[in-house]
Amino acid sequence: MARIIVVTSGKGGVGKTTTSAAFATGLALKGFRTAVIDFDVGLRNLDLIMGCERRVVYDFVNVINQEATLNQALIRDKRCDNLFILPASQTRDKDSLTTDGVERVLNEMGETFDYIVCDSPAGIERGATLAMYFADDAIVVTNPEVSSVRDSDRMLGILASKSRRAESGAEPIKEYLLLTRYSPERAKLGEMLSVDDVQEILSLHLLGVIPDSKAVLNASNSGAPVILDEKSDAGQAYDDAVRRYLGEDVPHRFINLEKKGFMSRLFGG
Amino acid sequence: MGLLDYFRGTKTDSAAVAKERLQILVAHERAERNKPDYLPMLQKELLEVIRKYVNVGQEAITVTMEKDDNREVLELNVVLPEPPDSHEPRAKRKRS
């Protein structure tokens with residue numbers, strides 16, 4: 001039985017798809033058979049971030065409507081053998097996702113996968129609520145910014161009340177905080193909420209801090225999840241987060257300001 | 001931080017403001033969503049009963065539920081209309 005992970009945030013543009021792509025790739029690189037599903041029907045983008053946009057034939061809604069089999073729709077990642085992408089439909093209405101349909105597809109995938117990563121759309125409409133509904137674990141992606149923190153808290157409320165686990169009285173969904181686009185410099189200057197601030201407000205287990213990094217845009221430009229950029233700070237931060245998720249004790253990095261040399265201190269930069 | 005900033009010694013602390021605003025807002029929103037489902041219905045029915053005796057508006061009644069560690073408080077607040085001879089502004093009375 002696969003473990004279902006939802007990547008959610010409420011607010012758009014905070015890094016859900018970047019995180020889904022990186023996290024799923026990270027799990028697959030560690031040897032787990034992993035699938036990543038795009039729940040953003042009508043605005044699919046996971047395919048683009050994963051670099052498989054030209055290989056999409058069938059999609060999630062086709063499988064739900066039984067117009068295609070799961071195996072026809074799943075795209076095997078070119079870089080990693082045990083990673084598969086299930087793209088969202090680009091043309092259908094977002095209401096074409098149904099609870100029963102999603103459950104059936106997840107059950108079928110559950111037989112062969114270790115992890116299923118659900119990339120939630122922004123907002124709290126059907127795609128987002130269905131991405132959360134069947135989850136075992138939730139990664140709440142948050143930027144150190146007021147509207148993102150507030151929306152994250154709202155998602156925590158929904159996770160705690162409107163999920164299969166909540167409704168059946170099972171053990172609650174495990175919630176993790178992933179703070180993205182973080183700048184230790186700005187936090188130190190008091191211009192940006194610090195990791196501690198956000199954690200204090202949301203009181204969530206901190207899975208990782210992803211620094212605001214040029215590597216993220218480079219990765220999406222080239223269609224390769226940023227975790228594959230092993231030299232980059234963001235890539236390393238995602239790898240740390242995956243290892244923490246899998247139970248390793250990895251100290252947090254990219255939280256504190258690196259000591260600057262005299263010259264850069266003098267001239268800025 | 002460049003040399004000029006270093007000497008100027010300015011430190012914006014908008015993050016502290018953000019944190020404080022969020023703490024208040026999040027606490028408020030959490031309290032709202034932990035309200036029992038029956039509160040709106042209870043409020044509606046109470047209003048109907050009170051209206052049998054006193055002519056009050058829809059907004060004159062508030063029902064709130066507060067929780068702390070070992071008890072729950074259901075608070076019912078009804079603002080009665082001012083007597084006809086009063087000249088005091090209504091808004092002011094409401095607040096007291």
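Lettering follows sequence order; numbering is per chain, from 1. These values consider heavy atoms only, across backbone and side chains, with no hydrogens, waters or symmetry-generated copies. Just so we're clear, the structure is a prediction, and the values are computed from it rather than from any experiment.
More than 12 heavy atoms of other residues, nucleotides or ligands shown are found within 6.0 angstrom of CZ on A:R104. Within a 6.0 Å sphere centred on CD of A:E230, other residues, nucleotides and ligands contribute 12 heavy atoms or fewer. Atom CD of B:Q23 has more than 12 neighbouring heavy atoms from other residues, nucleotides or ligands inside a 6.0 Å radius. Counting non-hydrogen atoms of other residues, nucleotides and ligands closer than 6.0 Å to CG of B:N55 gives a total of 12 or fewer.
Of all residues in residues 160-178 of chain A, none places a non-hydrogen atom less than 4.5 angstrom from a non-hydrogen atom of chain B. Residues of residues 38-52 of chain B having a heavy atom under 4.5 Å from any heavy atom of chain A: none.
Note: A:L193 leads A:L193, A:L202, A:V149, A:V198 in heavy-atom pairs under 4.5 Å with chain B.
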Checking salt bridge (Lys or Arg N to Asp or Glu O under 4.0 Å) for the pair B:R33/A:D153: CA distance, chi angles, key distance, verdict?
CA-CA 11 Å; B:R33 70 174 176 247; A:D153 191 67; 3.2 Å; yes

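A side-chain contact (heavy atoms from CB on, under 4.5 Å) with B:K19 is found for one member of A:D197, A:V146, A:D196 and no other, namely A:D197.
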